[in-house]
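First the structure, in the form of structure tokens, and then the observations on it.
Order of appearance sets the numbers: ligands from 1, and atoms from 1 within every ligand. This chain uses plain numbering: 1 for the first residue, then up along the sequence.
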Amino acid sequence: MKFRTLFCCVLVCSPTLVAGQAKTTPAPTAGAAEIPHLRKQGTATQLIVDGKPFLVLGGELSNSSGTSAEYMKPLWPKLVEGKLNTVLAGVSWNQIEPREGKFDFSALDGIIRDARIHNLRLVLLWFGSWKNSWSSYPPDWVKKDFERFPRVQIAGGRNIEVLGTLSDANRDADARAFAALLGHVKAVDSHERTVIMIQVENEIGLPSEPKEYRDRSPMADKAYEGPVSKELMDYLQQHTDALVPELRKVWEAAGSKTSGTWEEVFGRSTATAEIFMGWNYARYVGRVVEAGKTEYPLPMFMNAYPYGFAKANEPIRNSGTPMPDLMDVWRAGAPRVDFLALDIYGSDFASFCADYNRSGNPLFIPETRGMPPYGLEARVLYAFGRHDAIGISLMGVERPAATPDPVLTHSYGLMAQLAPLIAKHQGDGSMSAVLLDPKGPPQKIRVGNYTLEVAPLGARRGAPPSVDFSAAIFIAAGPDEYYAAGTGVSVKFSPNTPGPEFAGIGTVEEGWFENGRWIRSRQLAGDETGQGQNLSLRTHPADRNPDRFAGIQHFALYRYR
Ligand code: DGJ
């Protein structure tokens, strides 16, 4: 029997969304194929919305903004102006189920209605049992009843404000609410499909303070001293060669045992506690996702801040979080979670994108910001061009008084123009991108039939390099035909297929796309192409219309000997 029917006796939703009907009657549901879903294209995974690949050009609202349609009213037009096509909005468990089994979706209905009016899609963030490690979003009736809904305990048996992962009561209460949410979204939106994906919980894992690697409650101690679950052991044995190296190393270091206690199988290390917590969180979330997908199988993902297994003398961080080192534990424990997503602010953008976009896990970045040395445009170009990203999203998008942020508008305007081309070339090696340290060496990338040597612009003319990293995307639209976009790079070409050994630059056009059609403005040559020796992608004159001068170039190469 479905979770929702088990509990839901009273349902509240705003009349505006389903005007004229006493109770939500499901709109005619679209065929399964038409609800938003994921599809493989070569090595890439694409999000399909209304039957077409959809690149998420997103902005995440501050945690509480999505709880009030009134609060959001003046902000939607600014988000449209920022050229977003998707808004990531939190849905609070406490707000939708203020009393047990009594659901109120009126605030959510207002957000869905207004996003639809502004032709924006939504990714809903389920703030359920855990957010940033802590349990601040469960309803008060859960928080108050710590006997029925047990907590994580730290050494000495003290409860902390984190719901325990081993409690069926906690898990089932979250799953019931999540199922009710997805059932409601299906009822009010499966025809319009404003809601395209769901993030389940938010940056979970034990809080870094107090310093605990695992739950120390009696229930957890008993489980930790018990055998590793058979499902996890079976998964490790069935996927040994495909395991992420970090996990495989821990298992092999303890002798690659196929059964035993957690410490027998993974050794006496902090990583074992992280694997143990990862497994327990995954099992819990796995059931929540199952309940939601039974109602409405939208793509569902987890988000995490980029950590790895804690190294000796390193602080403990979010033990059990859905990070790449635990990707296999999460896959074994929560098989219906579609992918792990990356929240990234300061640290090394390129290496963390690579960390997440491996072992078949697509790259999606729910939270980022332009922060030196990686500006927002550089992050956007690199994520889509180098990692076939499903999407990217600016955190706190509605915050800056100056919304829309001109860099955001420019970056998303550029991506919107290139979207059809990018979607066509994802996953087959005919597209790539660079992220260049202005003081660093050139990078070589293979794109189609040519190898591109990409150098920071200005390095050649001794101009002082800028501080921010430069980035550019390159798409081979034909054997010798390319599109490129970006800032601050110059490019030299050499063939990488048999034939005449030199590459020359033919016709170079600057222009823009209008509804997928290329419109040429200037034809570049002479100084603008280094007298035909290299292509240059420069900053765009701020006074020009960003829709037209987004810095896209279309060019042909030729071979000679
Ligand atoms: C990461 C979290 O996922 C967000 O919800 C928010 O708390 C930011 N940190 C900080 O604003």
Side-chain angles (χ1 to χ4, degrees), residues 56 58-68 71-72 75 79 84 86-96 107-108 111 122-138 160-163 174 178 181 197-209 278 281 285 288-289 300-308 315-324 326 330 337 339-349 352-353 355-356 363-372 374 376 379 383 389-401 403 405 408:
V56 174
E60 176 165 329
L61 301 177
S62 305
N63 292 168
S64 309
S65 301
T67 62
S68 161
Y71 176 89
M72 281 303 299
L75 297 169
L79 301 178
L84 274 66
T86 305
V87 169
L88 283 67
V91 177
S92 150
W93 184 5
N94 188 18
Q95 187 178 42
I96 67 158
L108 175 62
I111 297 293
L122 286 172
V123 172
L124 299 182
L125 317 174
W126 172 235
F127 295 159
S129 295
W130 304 288
K131 176 175 183 304
N132 299 24
S133 299
W134 296 95
S135 298
S136 58
Y137 278 88
I160 58 174
E161 290 279 4
V162 178
L163 288 185
D174 187 324
F178 189 64
L181 170 66
M197 284 202 293
I198 307 284
Q199 176 191 292
V200 189
E201 317 290 352
N202 189 93
E203 291 193 357
I204 66 177
L206 284 188
S208 309
E209 279 304 330
Y281 276 113
V285 169
V288 171
V289 166
M300 295 186 187
F301 65 91
M302 310 294 302
N303 71 323
Y305 202 75
Y307 296 135
I316 306 169
R317 294 161 308 178
N318 290 32
S319 176
T321 193
M323 60 184 185
L326 288 176
W330 274 84
V337 167
F339 58 86
L340 305 187
L342 164 66
D343 293 344
I344 179 152
Y345 293 92
S347 38
D348 187 343
F349 192 76
F352 278 115
C353 287
D355 212 17
Y356 272 74
L363 181 67
F364 180 63
I365 302 177
E367 296 183 31
T368 194
R369 278 203 196 100
M371 293 166 84
Y374 314 107
L376 184 65
R379 293 172 187 240
I390 287 176
I392 191 165
S393 153
L394 183 75
M395 179 62 201
V397 68
E398 87 285 14
R399 275 193 211 140
T403 302
D405 161 354
L408 175 76

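- Using a 4.0 Å cut-off to heavy atoms of Glu367, the atoms of ligand 1 that qualify are 1 (C), 2 (C), 3 (O), 4 (C), 5 (O), 8 (C), 9 (N).
- Remark: the Ser136 side chain and the Glu161 side chain contain no N/O donor-acceptor pair separated by less than 3.5 Å.
- Summarising the contacts of atom 5 (O) of ligand 1 with Glu60, Gln199, Lys131, the nearest heavy atom is found in Lys131.
- Atoms of ligand 1 lying under 4.0 Å from any heavy atom of Glu203, numbered from 1 in the order shown and given with element: 1 (C), 2 (C), 3 (O).
- Taking the six-membered ring where tryptophan is involved, the planes of Tyr281 and Trp130 are perpendicular, since the angle between them exceeds 60° and thus also 30°.
- Nearest approach of Val91 to Trp126, heavy atoms of both residues: O-CE3, 3.7 Å.
- In this structure, the side chain of Ser393 engages the main chain of Glu60 through a donor-acceptor pair within 3.5 Å.
- Considering only non-hydrogen protein atoms, atom 10 (C) of ligand 1 sits nearest to Tyr345 OH, 4.8 Å.
- For atom 7 (O) of ligand 1, the closest non-hydrogen atom of the protein is Asn132 ND2, 3.0 Å.
- For the side chain to side chain donor-acceptor pair (under 3.5 Å) with Asn202, the qualifying choice from Asn303, Asp343, Asn63 is Asn303, the only one to do so.
- Close contacts between ligand 1 and Asn202 involve ligand atoms 2 (C), 3 (O), 5 (O) [criterion: under 4.0 Å to a heavy atom].
- Of the protein's non-hydrogen atoms, Arg399 NH2, 3.9 Å is the one closest to atom 11 (O) of ligand 1.
- The aromatic rings of Phe364 and Phe339 sit perpendicular to each other, their planes meeting at more than 60°, with 30° as the lower class boundary.
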